[in-house]
Amino acid sequence: MVRRKGERPIIRRLEIWSPAHPVARAIATGDHWFGAWQRQNAIPFARLARQTGISEDRLEAMNRGDSLTRNEADALARAFGISTADLIASMPDAELVRE
């Protein structure tokens with residue numbers, strides 16, 4: 001993103017998780033939680049890996065249903081523009097996040 005000198009940064013508000021959220025509808029129709037968030041934000045694996053510090057192989061494993069650590073959940077939540085609690089709420093089982 002390129003900004004000009006003196007230009008104010010764009011404020012990006014966190015998304016709020018609800019049953020009416022587009023990701024919730026995608027999950028309800030059969031999408032996996034990780035893929036639904038990735039497609040909603042249109043972030044390719046390479047860019048997501050750079051933003052989160054999580055390797056692409058590890059992201060692929062999460063996409064296939066592997067569990068994740070709390071730090072990984074925090075990093076993904078920042079990249080997806082949602083709170084960690086709301087990201088965990090979008091998962092089919094909160095036990096996917098291990099401390």
Side-chain angles (χ1 to χ4, degrees):
M1 183 167 116
V2 178
R3 293 186 320 164
R4 292 181 287 278
K5 183 178 178 180
E7 188 175 27
R8 292 186 179 162
I10 296 172
I11 297 172
R12 185 176 173 204
R13 301 196 189 283
L14 292 180
E15 293 190 44
I16 305 297
W17 174 254
S18 73
H21 193 278
V23 172
R25 289 194 305 265
I27 292 170
T29 59
D31 278 357
H32 185 262
W33 71 269
F34 185 90
W37 280 110
Q38 184 187 15
R39 283 187 294 284
Q40 171 69 19
N41 291 283
I43 304 175
F45 275 105
R47 192 170 93 200
L48 190 58
R50 282 192 309 274
Q51 286 181 342
T52 61
I54 303 169
S55 72
E56 286 188 53
D57 291 336
R58 183 74 186 109
L59 292 171
E60 286 284 353
M62 285 183 231
N63 191 34
R64 289 189 305 271
D66 199 8
S67 62
L68 56 153
T69 66
R70 179 62 182 213
N71 289 340
E72 290 170 333
D74 290 340
L76 287 171
R78 279 191 303 276
F80 294 149
I82 191 165
S83 72
T84 304
D86 283 350
L87 180 70
I88 293 170
S90 72
M91 296 176 186
D93 184 11
E95 297 296 318
L96 282 174
V97 180
R98 52 192 187 330
E99 296 298 323

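If you read the sequence from its start, that first residue is 1, and numbering goes on from there. Worth knowing before you read on, the calculation uses all heavy atoms, side chains too, and leaves out hydrogens, waters and symmetry mates.
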Peer 1: Less than 4.5 Å apart, side chain to side chain, heavy atoms only: is that true for Met62 and Leu76?
Peer 2: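 Contact flag for Met62/Leu76 side chains = yes.
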Peer 1: Can you check whether Leu87 reaches Trp33 side chain to side chain, under 4.5 Å on heavy atoms?
Peer 2: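 The answer is yes, as the side chains (C-beta and beyond) meet within the 4.5 Å cut-off.
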Peer 1: Going by an N to O cut-off under 4.0 Å, is there a salt bridge joining Arg78 and Asp74?
Peer 2: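 Salt bridge between Arg78 and Asp74, a charged N being under 4.0 Å from a carboxylate O: no.
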Peer 1: Side chains of Leu59 and Ile54: does their closest heavy-atom pair fall under 4.5 Å?
Peer 2: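 Of all side-chain heavy-atom pairs linking Ile54 with Leu59, at least one is under 4.5 Å.
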Peer 1: Could you tell me the separation between the CZ atom of Phe45 and the CG atom of Asp57, rounded to the nearest 0.5 Å?
Peer 2: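 Between Phe45 CZ and Asp57 CG, I get 10.5 Å after rounding to 0.5 Å.
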Peer 1: Side chains of His21 and Glu15, heavy atoms from C-beta outward: is any pair under 4.5 Å?
Peer 2: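 His21 vs Glu15: side chains touch.
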Peer 1: Just so I know, are the side chains of Leu68 and Met91 near enough to count as touching, which here means a heavy-atom distance under 4.5 Å?
Peer 2: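 Of all side-chain heavy-atom pairs linking Met91 with Leu68, at least one is under 4.5 Å.
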Peer 1: Run the side-chain contact (heavy atoms from CB on, under 4.5 Å) test on Arg58 and Asp66 for me, step by step, so that the C-alpha distance in whole Å, both residues' side-chain angles and the decisive distance to 0.1 Å come before the verdict.
Peer 2: CA-CA 9 Å; Arg58 183 74 186 109; Asp66 199 8; 2.8 Å; yes
Peer 1: Start with the C-alpha gap between Glu72 and Thr52, add the side-chain angles, then the distance that decides, and say whether side-chain contact (heavy atoms from CB on, under 4.5 Å) holds.
Peer 2: CA-CA 8 Å; Glu72 290 170 333; Thr52 61; over 6 Å; no
Peer 1: Is the closest side-chain heavy-atom distance between Phe80 and Val23 below 4.5 Å?
Peer 2: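 Of all side-chain heavy-atom pairs linking Val23 with Phe80, none is under 4.5 Å.
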Peer 1: Kindly indicate whether the side chain of Thr84, heavy atoms from C-beta on, has any atom under 4.5 Å from the side chain of Arg70.
Peer 2: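 SC-SC contact between Thr84 and Arg70 confirmed.
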Peer 1: Keeping Gln51 on the side-chain end and Leu48 on the backbone end, is there a donor-acceptor pair under 3.5 Å?
Peer 2: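 Between the backbone of Leu48 and the side chain of Gln51 there is no qualifying donor-acceptor contact (under 3.5 Å).
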Peer 1: Under 6.0 Å between ring centres: does that hold for Trp37 and His32?
Peer 2: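 No.
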Peer 1: Return yes if some donor-acceptor pair links the side-chain N/O of Asp93 with the main-chain N/O of Glu95 below 3.5 Å, else return no.
Peer 2: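 It does hold such a pair.
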